[in-house]
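Here the structure is a predicted model, which means the values were calculated and not measured. Only this structure's heavy atoms are used, side chains among them; waters, hydrogens and symmetry mates stay out. In what follows, every chain begins at residue 1, and chains take the letters A, B, ... in the order their sequences are listed.
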Amino acid sequence: MADIKSLEEKFQSIVDAETKIEPKDWMPEAYRKTLIRQISQHAHSEIVGMLPEGNWINRAPTLRRKVGLLAKVQDEAGHGLYLYSACETLGIERDELFDQLHSGKAKYSSIFNYPTTSWADIGAIGWLVDGAAIMNQVMLCRTSYGPYARAMVRICKEESFHQRQGYEILLTLSKGSEEQRAMLQDAVNRWWWPSLMMFGPTGKESTHSAQSMKWKIKRKTNDELRQQFVDISIGQAEILGVTLPDPDLKYNEETGHYDFGEIDWEEFWNVVKGNGPCNKERLAARVKASEEGQWVRDAAMAYAEKQAKRKSEASKVA
Amino acid sequence: MNNNLLNYVLQISDNAMILGHRLSEWCGHGPILEQDIALTNIALDLIGQARSLYQYAATVDGQGKTEDDLAYLRIETKYKNVLLVEQPNGHFGSTIVRQFLFDAYHYAFYKALVNSADETLSAIAEKSLKEVTYHLRFSSEWMIRLGDGTEESHQKMQDALNSLWAFTGELFEMSDADTSALEAGYGVDLSSVKSFWDEKISEILKMATLEKPEEAWMQSGGKQGRHTEHLGYILTEMQYMQRTYPGQEW
Ligand SMILES: [Fe+2]
Ligand SMILES: [Fe+2]
């Protein structure tokens, strides 16, 4: 026991010294578990996140927009890949992580359980959802686990591009016809609150926060990140000429921040539990892709084995 | 306006556009994450080619149209793509068969089009050839992998090949636009494309342990704007925004 305790102390001192933890380093089991949970949840979010936006690839209004959206959704697949690889360095395989997603054991960001019902949603997702993700991800570029931090650095660059692309879609709508401006406002009405929920429960209810902060997996609380996001969004909303759907939003001279209304935590927990508008469809789409792809993965494996065998036989002959 | 040239350019761009659309349907639904990304890469290349070609077609047309007018505001009968590219994705293997049959054609076609007397077409062909070289490699590798994989995958590939075969004849039919393009020196002789294609198909099918389907009746009509039922649904989806909200900026 004394041994573990001294290892843990040493581990904490490495973390405190801002040295990255690498896959081969000793780490507390709980640190490993927390990271696996968080990184895989993050990876699953990238992959499930392809679905709501993927809805609009074939209906994109212009060829330029189509190419932009297609490339964006593809980037998200790439993010999923980096993150699954980072997760695998902790001693778990991608297949197992997929099983956890498909069985409902692993979670993904609840935001992707909301429907994309208009083209403006594609802009709103880029602006608000990628925007909220960036707040979190910029912080994670400095997370204590090396492979995770490095994956985040690559991802962050692309995320800010996504956000600009989304915002630009909305900016175009804001300068358009009355129909287009209504489409824009409607999308912002629907995406604003779920975006604030993306930062997770507020201080009192956030179970993992304190330990994650101590391990420097996280460096800011959910509430700090959420506030940062609200503050930065106000001016951007003004430029778009949209009203954020919160009558309580106002600048607070004392704190230097914007106050905002109460988040509907009942809705939040319900969507987490599987009662969101699209939970079933999203998961079903992933399960379907996996089941229908089984024969492809089996064949690829069988072919690789045959090839290896042929090679070794050929080398015997030679 | 040169009507023959316009039709010729549209023939090429519509193929890329419709196949790119079909491949985009896979985005987020692929059997393996890496292959999801690969299919999207090909879709992006093809839509990129279609854009260059539509932009050129708009110039040839000379009536102030844009690439989007050509993609979004033409009806089925004005689309000149071959029937092969509008066929549904089916399972991953049938998408691969469709891709391979088209890539082998596409590669030889662009290779010849590089020598086009039309400078724009030649430049587009040169850029596209690099992309299509990769497409052909990708689809050939998957033909082999799935054909020579498991018993199940072998059967699935053979079935897909048998059912898509009827759409391959049209690739080499000389339409009026093809004939006049060849005469004017900016087009491609499809019979030479066919000899490359025959060879490539035989080579890869052999490696994939698949049987070449027997010669039978071939479907055609796409180049003349007579399509299968599938194109209407593709255009309905693709053109939804432009039809619902005409004349707006996006
Ligand atoms: Fe992402
Ligand atoms: Fe993103």
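- At a 4.5 Å heavy-atom cutoff, the contact between A:Arg65 and chain B is made by side-chain atoms alone.
- Contact count against chain B (heavy-atom pairs under 4.5 Å) is highest for A:Trp295 among A:Trp119, A:Phe98, A:Trp295.
- You'll find the side chain of A:Tyr84 reaches within 4.5 Å of the side chain of B:Leu33, heavy atoms only.
- B:Asp36 touches chain A through its side chain: at least one heavy atom from C-beta onward sits under 4.5 Å away, while N, CA, C and O do not.
- Proximity to chain A is limited to the side chain of B:Gln242, based on heavy atoms less than 4.5 angstrom apart.
- The residues B:Asp148 and A:Arg310 are annotated as salt-bridged, a charged nitrogen and a carboxylate oxygen being separated by less than 4.0 angstrom.
- In this structure, the portions of B:Glu25 lying under 4.5 Å from any heavy atom of chain A include both its backbone and its side chain.
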B:Met238 and A:Asn58: side chain to side chain contact (heavy atoms under 4.5 Å, CB included), yes or no, with the steps?
CA-CA 5 Å; B:Met238 187 170 116; A:Asn58 282 336; over 6 Å; no
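- With a 4.5 angstrom heavy-atom cutoff, A:Leu63 touches chain B via backbone and side-chain atoms both.
- The aromatic rings of B:Tyr240 and A:Trp56 sit tilted, their planes meeting at an angle between 30° and 60°.
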Stepwise side chain to side chain contact (heavy atoms under 4.5 Å, CB included) test for B:Leu146 and A:Val296
CA-CA 7 Å; B:Leu146 297 176; A:Val296 177; 4.2 Å; yes
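- Distance check: B:Thr236 OG1 to A:Arg59 CZ gives 12.0 Å after rounding to the nearest 0.5 Å.
- When heavy atoms are compared at a cutoff of 4.5 Å, B:Glu152 approaches chain A solely by way of its side chain, counted from C-beta outward.
- When each of A:Ala77, A:Gly80, A:Ala285, A:Gly293 is checked for heavy-atom pairs under 4.5 Å with chain B, A:Ala77 comes out on top.
- Judged purely by distance below 3.5 Å, without hydrogens or angles, the side chains of A:Gln180 and B:Glu249 never pair a donor atom with an acceptor atom.
- Of all non-hydrogen atoms in B:Gly30 and A:Ala289, the two that sit nearest each other are O-CB, 3.9 Å.
- When each of B:Arg51, B:Glu67, B:His29 is checked for heavy-atom pairs under 4.5 Å with chain A, B:Arg51 comes out on top.
- Only the side chain of A:Glu179 comes within contact range of chain B, judged by heavy atoms closer than 4.5 Å.
- Interatomic distance, CG of A:Leu81 versus CD1 of B:Ile37, reported as 4.5 Å (0.5 Å rounding).
- In this structure, chain B has a heavy atom under 4.5 Å from the side chain of A:Leu173, while its backbone stays farther away.
- Contact count against chain B (heavy-atom pairs under 4.5 Å) is highest for A:Arg94 among A:Glu76, A:Arg94, A:Gln307.
- The shortest non-hydrogen separation linking A:Met50 to B:Cys27 is CE-SG, 4.2 Å.
- Looking at A:Ile47, the atoms closer than 4.5 Å to chain B (heavy atoms on both sides) all sit in the side chain, from C-beta outward.
- Contact count against chain A (heavy-atom pairs under 4.5 Å) is highest for B:Glu34 among B:Glu34, B:His91, B:Gln239, B:Met17.
- Heavy atoms closer than 4.5 Å to chain B are found in both the backbone and the side chain of A:Thr62.
- Within the 4.5 angstrom heavy-atom criterion, only side-chain atoms of A:Lys66, from C-beta onward, approach chain B.
- Heavy atoms closer than 4.5 Å to chain A are found in both the backbone and the side chain of B:Ile144.
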For the pair A:Arg64 and B:Trp250, evaluate side chain to side chain contact (heavy atoms under 4.5 Å, CB included) and give the outcome as yes or no after the intermediate values.
CA-CA 9 Å; A:Arg64 178 175 156 253; B:Trp250 299 98; over 6 Å; no
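- For a residue to count as touching a neighbouring chain, one of its non-hydrogen atoms must lie under 4.5 Å from one of that chain's; by this rule A:Ile57 touches chain B with the side chain only.
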